[in-house]
Amino acid sequence: MSSSFHQKSLDLLSEQFGSKGIHIDSLLSKIAAFQIAVPSWALGAGGTRFGRFSIGGEPRNLEEKLEDIGLLAKLTKRTDAVSLHIPWDIPQDVQAIKQKATSLGIGFDAMNSNTFQDYGQRHSYKMGSLSNANATIRKQAIEHNLQVIEIGKSLGSKGLTVWLADGSNFPGQAHFRKALQGTTESLQEIYAGMPADWKLLLEYKPYEPNFYHTVIPDWGTSALLCRQLGDRAKVLVDLGHHLPNTNIEQIVATLMHQNMLAGFHFNDSKYGDDDLSTGSIKPYQLFLIFCELIGGAEEKAQAWESISWMIDASHNTKDPLEDLIQALEAISQAYAKAVLVDREKLTQCQNEGDVVGAQEVLQEAFLTDVRALVREARIQSGGEADPLAYYRSEKIREKLITKRGKNAQASGL
Ligand code: LRH
Ligand code: MN
């Protein structure tokens, strides 16, 4: 986008929204303030069970992961935190890692525990972890989560994300109620082990890696468990963790209505938990989700500050850093479009049953080209006007390959 075109677009938007009493500076500061955490495990090539194609120059350790997120923060000014996964990211030297992160301008968002893999622990999680029929294995999984909290406390994190792969592949394999009871009691011990200013983000997923039942398959089961734990336990919405055609924006509205939305794992999908780039498949759904978020916060259903924003994606064919630059842009654009919704007019249409009018209000905002707004907010925050073009023109991937090697591989998925 040329700078003259950029300025013309900004002037047009100022005029368009100035007439509605929306001042462009307030839009720019809102967009600039909206920061999204990046997962430590999305900096390398993910791969599937059918194969993994390395990208070269991937971070080989936690320090290099922080460097990559620091680069994203510098170019996009849209991220200021990393979400770590244990044991993939156990810091060897906590003080050194904290200094490194601070020097790169990034903090530590929610920590992620891992009881869905065997990584040398005494008892296998093959048949489950917090829900396992064997109390010793449940105890081991609880201990792991308490260790993750200790690491998080030392780094300054304020949250623990628990996602359970626990479930079964065949009818009869699991006792549904005992598995749920075991999970409840295990989570109660973990919740009791959390500092008073921490929150527990309980992630649900309908299937994979288990394909008959999953102990926490949907928002309702997660919400029931969170209610039993306490008000610092809330439901984490991973956009890819829904059966086809699920109305996710309604789930978001329902959770905000109950002040039970913990936050998001942003990504996109066509079929299953595809972990594709956010906004690359269903940008209108992402916009509608932000419409519910802004409405829910403005109408005081749940405080905006209480919600966590994270990406959770996996890259098979794209350069991970280019993918994350695109995802951060797509999220900022969806947010900016949702801020532009004329909520007063929408409420009027809803009260008068003007169905057509209501759609017109949403489409007016969704079809507004906000790229100049997001770009201007980035420029004013000291970021690159066009991070992707800069990343390519500076040949950053090539430089990473020279520095780290062609087959450098990150720990994680
Ligand atoms: C599970 C999940 C979870 C992470 C993992 C990397 O599908 O979304 O959030 O722990 O991906
Ligand atoms: Mn996730």
Side-chain angles (χ1 to χ4, degrees), residues 36-49 52 59 65 69 81-90 108-119 125 128-131 141 144-145 148-149 151-152 157 159-167 187 190 199-211 213-219 221-222 234-243 246 248 251-252 255 261-278 286 289 307-316 320 323-324 327 331 410-413:
I36 301 120
V38 169
S40 63
W41 60 91
L43 299 164
T48 70
R49 60 187 166 157
R52 179 185 174 281
K65 289 179 181 181
I69 295 174
V82 57
S83 184
L84 297 185
H85 219 299
I86 305 296
W88 302 335
D89 304 315
I90 295 177
F108 295 92
D109 206 296
M111 305 292 289
N112 297 266
S113 60
N114 176 343
T115 58
F116 52 84
Q117 286 176 326
D118 288 346
Y119 35 77
Y125 291 131
S129 63
L130 298 181
S131 74
H144 164 71
N145 279 275
V148 174
I149 291 171
I151 295 171
S157 172
L160 172 70
T161 293
V162 175
W163 167 64
L164 294 184
D166 294 30
L187 287 170
I190 295 168
K199 67 176 182 181
L200 190 144
L201 303 88
L202 192 56
E203 187 172 3
Y204 57 88
K205 183 175 180 177
Y207 69 92
E208 190 203 44
N210 281 296
F211 296 100
H213 112 284
T214 296
V215 174
I216 310 178
D218 54 32
W219 70 270
T221 308
S222 175
K234 297 188 181 188
V235 180
L236 177 63
V237 178
D238 183 313
L239 299 187
H241 293 185
H242 300 90
L243 299 176
T246 297
I248 303 176
I251 292 172
V252 170
L255 290 170
L261 176 64
F264 291 89
H265 276 182
F266 289 117
N267 49 54
D268 211 334
S269 50
K270 183 81 178 150
Y271 305 104
D273 187 21
D274 311 339
D275 279 344
L276 300 175
S277 326
T278 312
L286 186 65
I289 288 170
I307 301 169
S308 297
W309 319 97
M310 286 163 282
I311 289 173
D312 180 3
S314 172
H315 322 287
N316 300 322
D323 191 324
L324 291 164
I331 296 166
S411 60
L413 277 181

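Note that these values count all heavy atoms, side chains included, but never hydrogens, waters or copies made by symmetry. Numbering of ligands and ligand atoms starts at 1, following listing order. The chain is numbered in sequence order, starting from 1.
Of the N or O atoms in Trp88, none lie within a sub-3.5 Å distance of an N or O in ligand 1. On a distance-only criterion, Asp275 and ligand 1 share no N/O pair closer than 3.5 Å. For ligand 1, the polar-atom distance check against Asp312 finds a nitrogen or oxygen pair separated by under 3.5 Å. Polar contact with ligand 1: absent for Asn112 (N/O pair, distance under 3.5 Å). On a distance-only criterion, Asp273 and ligand 1 share at least one N/O pair closer than 3.5 Å.
Listed by number with element, the atoms of ligand 1 under 4.0 Å from a non-hydrogen atom of His85 are 4 (C), 10 (O). Taking every non-hydrogen atom of His265 and a distance limit under 4.0 Å, the qualifying atoms of ligand 1 come out as 9 (O). Shown in contact with Asp238 at under 4.0 Å from a heavy atom are these atoms of ligand 1, numbered in order with element: 8 (O). For ligand 1 and Glu203, the ligand atoms under 4.0 Å from any heavy atom of the residue are 2 (C), 3 (C), 8 (O), 9 (O).
Counting heavy atoms closer than 4.0 Å to ligand 1, residue Glu208 contributes nothing at all.
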Original post:
Passes side chain to side chain donor-acceptor pair (under 3.5 Å), Ser83 versus Asn112? Steps please.
Top reply: CA-CA 7 Å; Ser83 184; Asn112 297 266; 2.8 Å; yes
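Less than 2.8 Å away from the Mn ion (ligand 2), the protein contributes these N/O/S atoms: Glu203 OE2, Asp238 OD2, His265 ND1, Asp312 OD2.
Annotation: ring pair (Phe, Tyr, Trp, His ring centres under 6.0 Å) contacts of Tyr204 (sequence neighbours excluded): His242. For Tyr119, the ring pair (Phe, Tyr, Trp, His ring centres under 6.0 Å) test picks out His144, with sequence neighbours left out. Among residues two or more places apart in sequence or in another chain, the side-chain contact (heavy atoms from CB on, under 4.5 Å) test is passed with Asn316 by Thr48, Ser314.
When only modelled atom types and interatomic distance are considered, Lys199 and Ser308 share a side-chain donor-acceptor pair under 3.5 Å. A donor atom on one side chain and an acceptor atom on the other are found under 3.5 Å apart for Asp166 and Ser129. Looking at His85 and Asn114, their side chains never bring a donor and an acceptor atom within 3.5 Å of each other.
Screening Leu43, Leu84, Val82 for a side chain to side chain contact (heavy atoms under 4.5 Å, CB included) involving Lys65 leaves a single residue, Leu43. With Asn267 as reference, Asp312 is the one residue of Asp274, Ile311, Asp312 to meet the side chain to side chain contact (heavy atoms under 4.5 Å, CB included) rule.
Looking at heavy atoms from C-beta onward, Ile307 lies in side-chain contact with Leu261 at the 4.5 angstrom threshold.
The OH atom of Tyr271 sits 16.0 Å away from the CG atom of Leu243 when rounded to the nearest 0.5 Å.
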